[in-house]
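The structure appears below as structure tokens.
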Amino acid sequence: MEATAKSKFSDVDEYGFKRGEKFDYDNYERIMQSYFTVLTRRRMKWEAIVQQNPDLILNPKLKRYIRKGIPKPYRADVWMKITGADEAKRKNPNLYHSLLNIDHFNKEISDSISIDLPRTFPDNIHFDSKKDRLFNILCAYAHHNRDVGYCQGLNYIAGLLLIVTDNEEKSFWLLKHIVENIVPQYHSHNMANLLRDLAVFRELVIRRVPAVNRHVENLGLPYAVIASKWFICIFAEVLPVETVLRIWDCVFAEGYKIVFRAALAMFMTHKNAILECEDIAALANLFRDTMIQDSIVTDCHSFIEAMFSLRLKRGELESLRKVAVLNGN
């Protein structure tokens, strides 16, 4: 008797996440039949590039390889090197452990973190054993950057970093890079840059798919409801984990513009589905459930290709940010 697609795959993915009841095993099998071949070929190419460029100096060739995906065994070290987090850690080797040795953590901060720990990746079978380490990372960072402290959403970013690196200190330095360099003031108390960038994102949708924007606004669903978590978590706990990691590969190499590319690709690749929604409830359900686990985003390779097929004019995001600030966003 021929095995079903479900019987060929574990109910848990390679990162320890449980696959939901609605997981489409047939579609996953179709995607992975070609993607496994791509992964094998890519790993062999990465072996060569790491030998040729051991310091991983970012050049056009390395950037092209990163866009095609960093193989799992290389990902943590590549992220550390291309972001400069490795060098920052080397210059301040005692920072993380000195933060852990603070006599008394701020009780309000530590309580907030403790409340969020059980909510962090409850569908990951390995994460219970990582929660104490996640607490350490988040508390250390909160006391290092008092302007941010702790913000909901950082638990998902730090948690996924910990899953990838399996190392507290590396996760701390990568978290620091994300919060301070890639998306500064997204997680501060007033979230000033988050509000600005949501306005910028809306303007990008108006420019690229005006009919979609009109439909969304006619139904009355605010962009803040749709996309705040996308930007705050950089898609962690939103999209399938392999797709998130492919996005993060590019974010660490190319910066914040990738977040806009991914968000815009969500609208562009789901244009017809958005336009078919007849009321706000259907639209909210589409953004909350359907389009974050469908075949479009599960096929991470195709989604990344769609992301980079979008054209952003040189300086477009910067000019839109200036306009948003002038308009009070």
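Only this structure's heavy atoms are used, side chains among them; waters, hydrogens and symmetry mates stay out.
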Presence of salt bridge, Glu316 and Arg207, under 4.0 angstrom = yes
Below 4.5 Å, heavy atoms only, C-beta onward: do Glu47 and Tyr74 meet side chain to side chain?
-> yes
Pairwise distance CD1(Ile125) to NZ(Lys18) - rounded to 0.5 angstrom = 8.0 Å
Determine whether the side chains of Asp197 and Tyr256 contain a donor N or O and an acceptor N or O closer than 3.5 Å.
-> no
Check Asp77, Leu245, Val78 against Ile70 for a side-chain contact (heavy atoms from CB on, under 4.5 Å) and give me the one that passes.
-> Val78
In terms of hydrophobic clusters joined by side-chain contacts under 4.5 Å, are Ile206 and Val323 together?
-> no
Nearest heavy-atom contact between Lys313 and Arg208 is N-NH2, 4.4 Å
Under 3.5 Å, is there a donor-acceptor pair between the Trp79 and Asp86 side chains?
-> no
Assess the pair Phe201 and Phe260: is the distance between their ring centroids shorter than 6.0 Å?
-> no
Whether over 12 other heavy atoms sit under 6.0 Å from Glu318 CD = yes
Determine the sole option in Leu117, Asp111, Asp116, Ile115 for which the side-chain contact (heavy atoms from CB on, under 4.5 Å) test with Ile113 is passed.
-> Leu117
Shortest non-hydrogen separation from Leu275 to His215 and the atoms involved | O-NE2, 3.4 Å
Taking the side chain as every heavy atom from C-beta outward, state whether Arg261 and Leu312 have any pair of such atoms under 4.5 Å apart.
-> yes
Do the side chains of Asn193 and Arg321 get nearer than 4.5 Å, heavy atoms only?
-> no
Side chain to side chain, Phe252 and Ile178, heavy atoms closer than 4.5 Å = yes
What is the ring orientation for Tyr186 with Phe231, classed by angle as parallel under 30°, tilted 30 to 60°, or perpendicular over 60°?
-> tilted
Mark yes when over 12 heavy atoms from residues, nucleotides or ligands other than Asp132 sit less than 6.0 Å from its CG; otherwise mark no.
-> no
Is Leu195 reachable from Ile234 through a run of hydrophobic residues whose side-chain heavy atoms are each under 4.5 Å from the next?
-> no
For the residue pair Phe235 and Thr243, establish whether any side-chain heavy-atom pair is separated by less than 4.5 Å.
-> no
Is it true that the side chains of Asp294 and His270 contain a donor and an acceptor less than 3.5 Å apart?
-> yes
Euclidean distance, Asn124 CG relative to Lys130 NZ, rounded to 0.5 Å | 8.0 Å
Hey, quick one: are Val325 and Leu198 part of the same hydrophobic cluster, counting side-chain heavy atoms closer than 4.5 Å, chains of contacts allowed?
-> no
If you look at every heavy atom in Pro240 and Val297, which pair is closest and at what distance?
-> CD-CG2, 3.9 Å
Side chains of Cys151 and Met191: closer than 4.5 Å at any heavy-atom pair?
-> yes
List the steps, then state whether side-chain contact (heavy atoms from CB on, under 4.5 Å) holds for Ile49 with Lys61.
-> CA-CA 9 Å; Ile49 203 168; Lys61 181 179 181 181; 4.2 Å; yes
Does His187 reach the side chain of Ile157, with side-chain heavy atoms less than 4.5 Å apart?
-> yes
Once you round to the nearest 0.5 Å, how far does CD1 of Ile304 lie from NZ of Lys68?
-> 13.5 Å
pair Pro73-Arg43: side-chain heavy atoms closer than 4.5 Å | yes
Are a donor atom and an acceptor atom from the side chains of Asn213 and Tyr223 found within less than 3.5 Å of each other?
-> yes
Can Tyr15 and Glu242 be said to form a side chain to side chain donor-acceptor pair (under 3.5 Å), step by step?
-> CA-CA 9 Å; Tyr15 300 98; Glu242 185 64 31; 2.8 Å; yes
Asp55 with Lys81: basic N within carboxylate O range, under 4.0 Å = no
Scanning both residues in full, the closest heavy-atom pair of Asn167 with Arg133 reads N-NH2, 3.6 Å
Between Met307 and Ile247, the two heavy atoms sitting closest are SD-CG1, 4.4 Å
Within the 6.0 Å centroid threshold, strictly below: Phe267 and Phe287 | yes
If you group Ile, Leu, Val, Met, Phe, Trp and Tyr by side-chain heavy-atom gaps below 4.5 Å, do Met80 and Leu62 land in one group?
-> yes
To the nearest 0.5 Å, what is the distance between CD1 (Ile137) and NZ (Lys170)?
-> 12.5 Å
side-chain contact (heavy atoms from CB on, under 4.5 Å) assessment of His177 paired with Trp173 | CA-CA 6 Å; His177 179 75; Trp173 283 101; over 6 Å; no
For the residue pair Tyr156 and Cys233, what are the closest heavy atoms and their distance?
-> CD1-SG, 3.9 Å
From Asn190 CG over to Asp147 CG, what is the distance, rounded to the nearest 0.5 angstrom?
-> 10.0 Å
